[in-house]
Amino acid sequence: MNNSSLPLVLVSHTLPDGWLDNLENHCRMVIGPKDANELSTELENFLPEAEGLFTLLTINVNEALLSKTPKLKVVSNMAVGYDNVDLDACTQRGIPVGNTPGVLTDGTADLTMAIMLAAARRIIEANLDARQGRWKTWSPTGWLGKDLRGATLGIIGMGQIGSAVAERATGFGMKIIFSDPNPDLVKAEGLKAKHVPLETLIKDSDFISLHIPLTPETYHLINEDTLKRIKPTSLLINTSRGPIVDSNALIKALEGGWIAGAALDVTDPEPLPQYHRLFELPNCLIVPHIGSATWNTRRQMAERACENLIAGLKGRQLPYCVNPEVYNS
Ligand code: GLV
């Protein structure tokens, strides 16, 4: 709809047909390209007029960007994580920020199990060997991996996604221990999962899976020191945010046999450059940040992001707001 009385919204990326249907009657939209790691120059030019921003997690909503948006009323991030948004800067300007929790819990938990199993059973290596002529016979010692049943899974971050992983892993016969830097967010009711100090989790787990947000406190939580205390037979799984793991320390740990392997959906930097050392390590499985990548999940994320955006444009409280304190100031 090209009605100039409607507020202007910048949508950072082109999304599939139908995903933005809810927005069409509420705003004028300028839409960026399909795949971009930053806001396009065309969209940059519209920042002074923009009342709404619809962003993906690759867009840095920082002070520099916000200083060009005098009319901005709402930032709607189509992601559950919002470490790409300078929350303090938005709050100071009275701008509510929305995210899309809940709808990507199952997708991300499924992907966590998928890469945990793939790493434990060496699926990528075995698939490549089968395709590339190295499958010569059924060998009693060929492609041996690790069992999940009876293994201890240490979950760091027992919020919605962490507990969905615990539920699935319990079905595989794993013993669950967890630790969480934010006890208020723990969702462990009804689960057979034991809370332990982080120290204990690091040294006792056979698999460690990360499900915490990236904050200054969690940045490089997994570093040289922690990696040295993990069992050498253990696998590290990260489907949360790349910078929670110190990539250089991880390379040393994988090369030096401090840990048995890693399965990463997220990396630092992201995307990981094609010739990055981590890609060369056979005990490191890497997929390109696809935790929420199912049609159903992504579509629901877009719906939630639209709901947040419309509420913000109309001056109503966002249904999924990560800085609700804006409404008290
Ligand atoms: C994906 O990583 C998200 O935060 O939604």
Side-chain angles (χ1 to χ4, degrees), residues 11-13 15-16 19-20 34-38 53-62 74-87 90 96-116 155-165 180-182 185 187 209-219 221-222 236-245 247 262-272 285-309 318-323:
V11 180
S12 67
H13 293 72
L15 295 173
W19 288 20
L20 297 175
K34 183 162 172 282
D35 293 313
N37 263 333
E38 51 195 36
L53 261 187
F54 182 117
T55 49
L56 303 190
L57 53 83
T58 49
I59 303 295
N60 222 338
V61 182
N62 54 18
V74 54
V75 174
S76 179
N77 205 38
M78 190 185 127
V80 67
Y82 46 89
D83 45 281
N84 59 310
V85 180
D86 183 339
L87 212 55
C90 288
V97 177
N99 73 339
T100 64
V103 290
L104 43 72
T105 302
D106 287 325
T108 308
D110 287 350
L111 194 272
T112 304
M113 292 310 294
I115 62 174
M116 189 189 314
I155 296 183
I156 304 182
M158 195 65 151
Q160 292 191 45
I161 297 175
S163 59
V165 170
D180 199 308
N182 194 341
L185 299 182
K187 301 219 175 319
S209 193
L210 305 176
H211 301 287
I212 37 177
L214 174 62
T215 64
E217 292 73 41
T218 62
Y219 177 81
L221 179 78
I222 304 298
L236 175 70
I237 296 109
N238 190 6
T239 55
S240 56
R241 282 294 183 266
I244 294 171
V245 178
S247 295
L264 311 174
D265 179 41
V266 290
T267 57
D268 182 23
E270 215 170 90
L272 206 57
L285 182 162
I286 301 173
V287 291
H289 202 149
I290 55 168
S292 61
T294 73
W295 282 100
N296 188 34
T297 299
R298 290 276 166 85
R299 185 167 180 128
Q300 291 185 70
M301 289 165 70
E303 268 168 30
R304 284 214 162 164
C306 290
E307 285 173 45
N308 279 331
L309 194 75
L318 312 195
Y320 312 97
C321 184
V322 293
N323 59 344

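Remember, it's 1-based here, ligands and their atoms both numbered in the order they're listed.
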If you count the atoms of ligand 1 from 1 in the order shown, which ones are under 4.0 Å from a heavy atom of [X]?
| X | value |
| --- | --- |
| Leu104 | 5 (O) |
| Gly81 | 3 (C), 4 (O) |
| Ala79 | 3 (C), 4 (O), 5 (O) |

Donor-acceptor pair between [X] and [Y] side chains, under 3.5 angstrom:
| X | Y | answer |
| --- | --- | --- |
| Thr58 | Asn37 | no |
| Asn238 | Asp265 | no |
| Thr294 | Asn296 | no |
| Thr239 | Thr112 | yes |

Next on the checklist: Please confirm whether Met301 approaches ligand 1 to less than 4.0 Å, judged on its heavy atoms.
Outcome noted: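 It does, in that a heavy atom of Met301 comes within the 4.0 Å cut-off of ligand 1.
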
Checklist entry - Counting only N and O atoms by type, is there a donor-acceptor contact under 3.5 Å from the side chain of Thr108 to the main-chain atoms of Thr105? => result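 No; zero donor-acceptor contacts below 3.5 Å.
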
Item to check | Donor-acceptor under 3.5 Å (Asn323 side chain, Val97 main chain) | outcome: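 Between the backbone of Val97 and the side chain of Asn323 there is a qualifying donor-acceptor contact (under 3.5 Å).
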
Checklist entry - Is there any N or O on Ser292 that sits under 3.5 Å from an N or O of ligand 1? => result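 In this structure, Ser292 places no N or O atom under 3.5 Å from an N or O of ligand 1.
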
Next on the checklist: One residue to check: Leu57. Relative to ligand 1, which of side chain, backbone, both or neither has a non-hydrogen atom less than 4.0 Å away?
Outcome noted: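 Contact part for Leu57 vs ligand 1: side chain (C-beta onward).
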
Checklist entry - Among protein heavy atoms, which lies nearest atom 5 (O) of ligand 1, and at what distance? => result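 Sorting protein heavy atoms by distance from atom 5 (O) of ligand 1 puts Val80 N, 2.8 Å first.
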
Checklist entry - Between Arg298, His289, Met78, which one has a non-hydrogen atom sitting closest to atom 2 (O) of ligand 1? => result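 Selected option, by shortest heavy-atom distance: His289.
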
